[in-house]
Amino acid sequence: MAHPYYPSGNPRFNHVAMSLPAELLGAESRSDICRFFHEVLGFEEIEVMTEDRRRLILSCVHWDQFIFLIAEDDPMRCPRMDHYGFSVGSLDELKGIQQRAEAFRQADDRMELIDLHVDDQKVVKIHSLYVRYILPMTCEFQYWEFPEPAAAAG
């Protein structure tokens with residue numbers, strides 16, 4: 001059933017924006033950021049939008065979902081567990097992120113990983129992991145598993 005404010009469908013998050021020091025958007029750091037997001041998460045730089053030491057936009061698989069990075073003199077700072085989140089459609093997809101993140105971390109220890117874990121609420125099991133690399137905010141990925149109700153005792 002549609003919400004009366006949004007009869008065309010639920011609103012969707014389409015981006016997160018973070019400010020960084022300009023040097024983190026220079027060629028070398030920008031290359032590192034793009035490599036991580038591509039190799040671990042499958043996200044791609046929207047190259048036509050890139051401005052050296054000024055702006056980097058990463059497409060999160062589809063053009064209308066993205067991470068917007070902008071240079072600022074007073075850049076974003078936040079605690080490690082401030083984060084933004086994505087959901088995936090299967091536990092195997094979440095495990096794939098874990099495996100790629102572990103492999104990436106072997107070559108670059110700047111990548112932080114909070115391993116796959118589950119919050120079992122009985123009606124839903126929320127599987128999640130967190131990754132962070134260079135950017136101020138951590139990224140969480142979740143898979144929501146809805147267990148089958150136990151067969152009625154008879």
Side-chain angles (χ1 to χ4, degrees), residues 1-105 107-108 110-119 124-146:
M1 180 172 197
H3 188 281
Y5 295 173
Y6 309 103
S8 68
N10 291 341
R12 296 175 4 136
F13 286 102
N14 80 319
H15 72 278
V16 62
M18 290 177 252
S19 57
L20 303 172
E23 64 268 11
L24 288 182
L25 293 173
E28 185 176 336
S29 290
R30 194 173 66 243
S31 175
D32 288 345
I33 291 168
C34 290
R35 182 175 49 85
F36 166 77
F37 278 92
H38 173 73
E39 290 179 16
V40 177
L41 305 176
F43 297 177
E44 300 292 338
E45 175 184 9
I46 301 176
E47 293 181 34
V48 299
M49 300 296 289
T50 297
E51 292 180 33
D52 187 50
R53 299 181 54 80
R54 174 83 180 115
R55 179 175 64 200
L56 171 62
I57 301 174
L58 299 162
S59 172
C60 304
V61 179
H62 192 268
W63 62 267
D64 73 345
Q65 292 181 301
F66 55 93
I67 300 167
F68 185 93
L69 305 173
I70 190 80
E72 290 289 341
D73 291 337
D74 184 20
M76 179 183 201
R77 291 174 295 283
C78 60
R80 177 177 181 245
M81 288 310 296
D82 282 4
H83 65 277
Y84 58 104
F86 291 93
S87 63
V88 296
S90 76
L91 186 55
D92 284 342
E93 291 173 4
L94 197 59
K95 288 177 180 177
I97 294 169
Q98 170 92 24
Q99 291 167 348
R100 292 186 301 273
E102 289 170 346
F104 190 93
R105 186 172 54 184
D108 191 333
R110 294 177 294 173
M111 204 284 304
E112 299 173 34
L113 172 66
I114 297 175
D115 291 331
L116 183 60
H117 57 281
V118 64
D119 179 11
V124 63
K125 292 180 180 180
I126 304 171
H127 303 263
S128 61
L129 62 81
Y130 297 82
V131 294
R132 182 170 171 231
Y133 182 73
I134 297 178
L135 306 184
M137 290 184 79
T138 297
C139 184
E140 179 182 16
F141 282 82
Q142 295 182 336
Y143 169 67
W144 288 39
E145 175 187 0
F146 295 92

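Values below: all heavy atoms of this structure, side chains included; hydrogens, waters and symmetry mates excluded. The structure presented is a predicted model; accordingly, all values stated were derived computationally and were not measured.
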Listing, residues 22-32 side-chain donor-acceptor contacts under 3.5 Å, not counting sequence neighbours, or none:
from  : atom 1 : to     : atom 2 : distance (Å)
Arg30 : NH1    : Leu25  : O      : 2.9
Arg30 : NH1    : Asp52  : OD1    : 2.8
Asp32 : OD2    : Arg110 : NH2    : 3.0

Sequence neighbours excluded, every pair satisfying ring pair (Phe, Tyr, Trp, His ring centres under 6.0 Å) that has a member inside residues 56-82 = His15-Phe66
Kindly state each residue pair satisfying ring pair (Phe, Tyr, Trp, His ring centres under 6.0 Å) with at least one member in residues 21-49, sequence neighbours excluded.
-> Phe36-Phe104, Phe36-Tyr133, Phe43-Phe86
Any donor-acceptor pair under 3.5 Å linking the side chain of [X] with the backbone of [Y]?
X	Y	result
Arg12	Asn10	no
Arg132	Leu135	yes
Ser19	Ile70	no
Ser59	Ile46	no
Glu93	Val88	no

Which word best sums up how the rings of Trp144 and Phe146 line up, parallel for under 30°, tilted for 30 to 60°, or perpendicular for over 60°?
->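 Geometry flag for Phe146 against Trp144: tilted rings.
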Given the rule in the side chain to side chain contact (heavy atoms under 4.5 Å, CB included) test, do Ser128 and His117 qualify, once you have shown the distances and angles that lead to the verdict?
-> CA-CA 6 Å; Ser128 61; His117 57 281; 3.2 Å; yes
Working for side chain to side chain contact (heavy atoms under 4.5 Å, CB included), residues Arg100 and Leu41 | CA-CA 8 Å; Arg100 292 186 301 273; Leu41 305 176; 5.7 Å; no
Sequence neighbours excluded, which residues qualify as salt bridge (charged side-chain N to carboxylate O under 4.0 Å, His left out) partners of [X]?
X	result
Asp119	none
Glu51	Arg55
Asp73	none

Closest non-hydrogen atom pair between Glu102 and Leu113, with its separation |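 Looking at all heavy atoms of both residues, the shortest contact is CG-CD2, 3.8 Å.
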Distance-minimising heavy-atom pair for Gln142 and Leu94 |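 Taking every non-hydrogen atom into account, N-CD1, 4.2 Å.
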